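Report on the structure given below.
Everything numeric here is computed off the predicted structure, so don't read it as measured data.
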Amino acid sequence: MSSPSPSPAASPTDRADVVVIGAGPAGLTVANVLRAAGVDCLVLEAESREFVERRPRAGFVEEWAVRALGRHGLAERLWERAETQGEFEFRVDGARHTVRTARLSGRRHFVYPQPLLVGDLLAAYADRAGGAVRFEVRDVQLHDLDGPRAAVSYRDPHTGERHRIACDHVVGADGARGVSRAAIPDGRVRMTRYDHGVAWLAVLAEAPPSADGVVFGIHPSGFGAHMARSARVTRYYLEVPAGDVAADWPDERVWGELRVRLAADGARPLHEGPLSEKTVLAMHNYVVEPMAYGRLHLAGDAAHLLAPIAAKGMNLAINDALLLGGALIAHYKGDDRPLAGYSAAALRRVWQYLEFSQWLSEVLHGASSGDRFRAGTAAARLRRLLGSEAAAKAFAGLYLGEEADL
């Protein structure tokens with residue numbers, strides 16, 4: 001990872017209108033949109049194709065995002081294969097409370113794990129449209145980002161040869177630990193961070209779902225969640241102390257806590273099975289402002305990271321990508337206003353989702369905070385949500401995401 005530097009000696013030298021760094025949902029959506037509009041682009045990815053098509057990530061796609069992808073011909077398999085969810089339940093004090101989000105908002109969540117979407121986007125871009133993508137690239141560097149012509153260089157993993165790609169623009173969609181954001185000189189963007197002070201243990205259980213949809217368990221011992229992924233696999237989350245590691249949570253301990261935190265009158269017993277994945281996630285957020293520097297435009301987790309509290313990350317990545325793809329197309333048609341306004345337009349949804357995520361975090365974590373004030377206000381929020389039709393409608397609209405003008 002490096003900051004902008006003079007272009008190195010590199011061979012061979014190539015040319016693309018746009019270089020996209022990162023083959024995740026954001027980068028591949030931009031690439032597909034540009035390719036369809038005749039804008040020449042190249043995607044660079046540090047991992048193999050097999051890895052990015054299997055990497056476990058988010059699973060909820062908001063309906064506005066599905067429709068927006070569909071307008072670009074990128075949602076056919078998603079429409080065919082994804083299950084939809086229109087309600088979820090809180091479990092608190094041994095009682096079950098259902099929130100019927102579809103009835104309240106007129107929209108649904110689509111359950112479609114990110115690896116499937118990445119596979120669909122890669123097939124559309126590389127296999128059907130013949131788009132250029134290079135996997136397993138090494139030592140990626142960005143050059144001359146604030147000059148009249150940018151460049152990206154990388155080392156071929158097989159030959160060791162260094163390649164340099166001259167380009168008009170770079171899309172940095174390589175995530176929180178990628179090279180793109182690190183290439184921006186100090187002081188040129190501002191990063192704002194917020195730490196929720198807790199962590200979640202994320203596990204995948206090789207067991208059928210034990211409820212019809214999402215379950216949020218609110219308990220003095222900590223938050224717990226159940227999320228169906230398929231007929232044979234279930235995602236669970238457990239709030240754990242910040243600083244815990246996966247080894248602190250053997251299977252028996254995980255299942256014991258899940259039974260306690262998701263217990264409620266009339267609830268089905270949990271279907272238990274082997275845990276194929278255990279990851280401790282720090283619950284923190286950050287935002288980069290502006291989401292651009294010179295000829296570099298950030299998208300997805302390179303620009304903002306949201307804790308998975310409200311399942312917003314992949315949806316924000318899609319929003320960024322569609323805004324940025326449209327802005328770059330307008331640029332090549334002679335209109336630079338959308339590109340100049342890209343960061344401000346994207347950040348409006350980013351901050352809206354951050355605010356909702358913070359609100360929901362207090363509801364979910366207040367009871368276990370050890371702070372009587374936080375616990376009391378969290379309980380008041382939940383009572384208002386469950387007891388007021390107007391409050392429930394407002395919540396459902398934010399939970400399922402507002403329509404985007406894309």
Asp248 with Arg253: basic N within carboxylate O range, under 4.0 Å:
no
Do Ser369 and His365 pass the side-chain hydrogen bond (donor to acceptor under 3.5 Å, both in side chains) test, and can you show the C-alpha distance, the side-chain angles, and the key distance before you say yes or no?
CA-CA 6 Å; Ser369 66; His365 301 125; over 6 Å; no
Measure the acute angle between the ring planes of Phe90 and Phe395, then classify it against the limits of 30° and 60° as parallel, tilted or perpendicular.
tilted
Is the closest side-chain donor-acceptor distance between Arg77 and Tyr112 under 3.5 Å?
no
Between Ala231 and Pro209 the two heavy atoms that sit nearest each other are O-CD, 3.7 Å
Please say whether the positively charged group of Arg108, taken as NZ for Lys or CZ for Arg, lies over the ring of Trp64, i.e. under 6.0 angstrom from the six-membered ring centre and within 45 degrees of the axis.
no
A cation-pi test, strictly: NZ or CZ of Arg107 under 6.0 Å from the centre of the six-membered ring of Tyr399 and no more than 45 degrees from its axis. Yes or no?
no
Worked check of ring pair (Phe, Tyr, Trp, His ring centres under 6.0 Å) between His284 and His196:
CA-CA 6 Å; His284 67 268; His196 291 278; 9.0 Å; no
State plainly whether the residues Arg259 and Glu257 are in salt-bridge range, i.e. N to O under 4.0 Å.
no
Could you tell me if the side chain of Ser180 sits less than 4.5 Å from the side chain of Leu296, heavy atoms only?
yes
Only counting residues at least two apart or in another chain, list the ones meeting side chain to side chain contact (heavy atoms under 4.5 Å, CB included) with Ala65.
Val61, Asn315, Ile318
side-chain hydrogen bond (donor to acceptor under 3.5 Å, both in side chains) evaluation trace for Trp351 with His304
CA-CA 10 Å; Trp351 281 111; His304 42 71; over 6 Å; no
Residues Glu62, Lys312: salt bridge by 4.0 Å N-O rule
yes
Taking Arg134 first and then Glu47, would you say they form a salt bridge - that is, a charged N and a carboxylate O separated by under 4.0 Å?
no
